[in-house]
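Comments concern the structure below.
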Amino acid sequence: MQDDVFPQQAEQTADVLIIGAGPVGLFAAFQAQVLGLSCRILDTLSVPGGQCIELYPDKPIFDIPAVPVCTGRELVERLVEQIAPFDVPMHLGDEVVALQDARGTTSEDANGGALAADEAGAAPRWRVTTASGASFVAPAVLVAAGGGAFVPQRLNVPGAEALHGSHLHYSVRRLADFAGANVVVAGGGDSALDWALALRGTAANVTLVHRRAAFRAAPETIRRLEAARAAGEIAFALGTVSALDAPDGRLRAVTISGPEQPSQVAADHVIALFGLVAQLGAIGDWGLKVEASRLVVDCHHYETSLAGIFAAGDIAGYPNKQKLILSGFHEASLALRRAYRYIHPERARTAVHSSNDRRLSEAILGQDGSA
């Protein structure tokens, strides 16, 4: 498996484009291999895992078949391991922004109805474009984007937007950008604690701000934080960032409001790590039928209102929908079997149990199919 650097010229192809690298997208990539289909995974986040990694990496999960308990992180690691033998291309850190019929008709021109196969019997070939300008073409697209694109929860105080990117940050790209600076890290989850700890040796001062004295992070991370506080390496302020002191467009301090009187802390940068929220985003502009922020699909093939576009996982909506990871696995499996007909209309697919599939055995167990 690999993280591709997006070429700006060549259009990349696959049998199926999977939008979303969460658990459902990762399992869909494996199901594509079971069916002998090539695929590519696209995700706006920089690492695979979706909500499991971004929102609850260390939260125990109890309803994965045959796995009594695992964390979100462990589930993602196992799914990544499952597709590793197939070297599935993963295009990460680039948001999918546009969907177009590669024959020249945009999804908005479809009038909300399914685009029928052409006279030759071939399904529409869909072109997907990302924010970086990368372009991908495939006969089928599976949207497994959870609740949509994940975006950071914003710091909601006056003047915040004007400082975004210069003194206010929602992610850390390079530690060196904060060298010798007074840094305030706002948040109480794994990301906030991890970056506060990582900045100790780079920033002049690090202050962690959180509205509660308890944290939503891994026990070992909390232990390391408490040790750093005891050693005077990190300061902690109980409360929330309520104001930014930047009269000339340059941040000088932040006001922290808590259970006692508001206080000011010197700050050159604020890193706000409040977690991510899901937004339908560009997906809502693709001409797909949407109800209650979900893509409407049929209950047989999990196909949307456009032929060849499927949805699985939390983003798929239908009667009696259950927002469970295992439901997403089922939906992706059936969606890809329908997609097979678009990709290979000339073939009659023969169902083969994975235990009897020599091709899978050779890929996973070795050249002769044995461990």
Side-chain angles (χ1 to χ4, degrees), residues 44-47 53-57 93 95 131 149-218 221-222 224-279:
T44 186
L45 298 176
S46 59
V47 295
I53 293 299
E54 298 298 326
L55 301 182
Y56 48 90
E95 182 183 2
F150 283 100
V151 296
Q153 295 192 57
R154 301 279 178 160
L155 179 64
N156 187 22
V157 300
E161 286 304 311
L163 297 176
H164 183 205
S166 57
H167 298 277
L168 173 60
H169 316 270
Y170 296 104
S171 63
V172 177
R173 300 300 181 190
R174 297 190 312 155
L175 285 174
D177 293 339
F178 305 94
N182 296 315
V183 180
V184 169
V185 179
D190 281 286
S191 293
L193 271 63
D194 285 342
W195 283 117
L197 289 165
L199 285 161
R200 286 174 298 169
T202 301
N205 296 287
V206 179
T207 302
L208 178 66
V209 180
H210 185 44
R211 67 183 185 278
R212 296 185 295 122
F215 302 101
R216 308 179 312 278
T221 303
I222 296 174
R224 291 176 57 215
L225 174 69
E226 296 301 338
R229 289 177 60 188
E233 298 171 344
I234 294 177
F236 174 69
L238 180 64
T240 60
V241 175
S242 58
L244 303 171
D245 180 14
D248 55 357
R250 180 177 179 182
L251 185 65
R252 300 177 185 278
V254 302
T255 300
I256 298 172
S257 298
E260 300 179 355
Q261 290 293 321
S263 60
Q264 274 205 331
V265 174
D268 301 303
H269 297 276
V270 174
I271 303 172
L273 300 169
F274 302 135
L276 303 174
V277 293
Q279 296 181 353

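Since the structure is predicted, the reported quantities are computational estimates derived from the model, not experimental observations. Nothing fancy with the numbering, it's 1 onward along the sequence.
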Heavy-atom closest pair (Gly188 atom, Ala192 atom, distance to 0.1 Å) is N-CB, 3.9 Å
Tell me the side-chain hydrogen bond (donor to acceptor under 3.5 Å, both in side chains) pairs involving residues 180-191, sequence neighbours left out?
Asn182-Asn205
Checking the side chain of Glu95 only, and the main-chain atoms of Ala131 only, is there a donor and an acceptor separated by less than 3.5 Å?
no
Between CG on residue Leu225 and CG on residue Asp194, distance to nearest 0.5 Å
10.0 Å
Intermediate values then yes/no, side-chain contact (heavy atoms from CB on, under 4.5 Å), Val185 and Val270:
CA-CA 6 Å; Val185 179; Val270 174; over 6 Å; no
Apply salt bridge (Lys or Arg N to Asp or Glu O under 4.0 Å) to Arg174 and list each qualifying residue two or more places apart in sequence or on a separate chain.
Asp177
Are the side chains of Leu273 and Val172 in contact, using a 4.5 Å heavy-atom criterion?
no
side-chain contact (heavy atoms from CB on, under 4.5 Å), that's the test. Do Thr221 and Leu197 meet it? Break it down for me.
CA-CA 9 Å; Thr221 303; Leu197 289 165; 4.2 Å; yes
Considering all heavy atoms, the nearest Ala267-Val184 contact
CB-CG2, 3.8 Å
Quick test of your reading: applying ring pair (Phe, Tyr, Trp, His ring centres under 6.0 Å), list the pairs with at least one residue in residues 181-212, sequence neighbours left out, ordered by first then second residue.
His210-Phe215
What are the two closest non-hydrogen atoms of Ala181 and Ala203, and how far apart are they?
O-CB, 3.4 Å
Summary of ring pair (Phe, Tyr, Trp, His ring centres under 6.0 Å) pairs that have at least one residue in residues 238-272, sequence neighbours excluded:
His167-His269, His169-His269, Phe178-His269
Check residues 233-255 and write down every donor-acceptor pair under 3.5 Å in which the side-chain atom is one partner and the other belongs to a residue at least two apart or another chain.
unit_1 : atom_1 : unit_2 : atom_2 : d
Glu233 : OE1    : Arg200 : NH1    : 2.8
Ser242 : OG     : Thr255 : O      : 3.3
Ser242 : OG     : Ser257 : OG     : 2.7
Asp248 : OD1    : Arg250 : N      : 3.1
Asp248 : OD2    : Arg252 : NH2    : 2.6

Leu193 side chain near Ile222 side chain, heavy-atom distance below 4.5 Å:
yes
Test of understanding: with side-chain hydrogen bond (donor to acceptor under 3.5 Å, both in side chains), list the residues that count as partners of Arg154, not counting sequence neighbours.
His164
Taking it one step at a time, do Tyr170 and Ile271 satisfy side-chain contact (heavy atoms from CB on, under 4.5 Å)?
CA-CA 6 Å; Tyr170 296 104; Ile271 303 172; over 6 Å; no
Using modelled atom types and a 3.5 Å cut-off, is there a donor and acceptor pairing between side-chain atoms of Ser166 and backbone atoms of Leu163?
yes
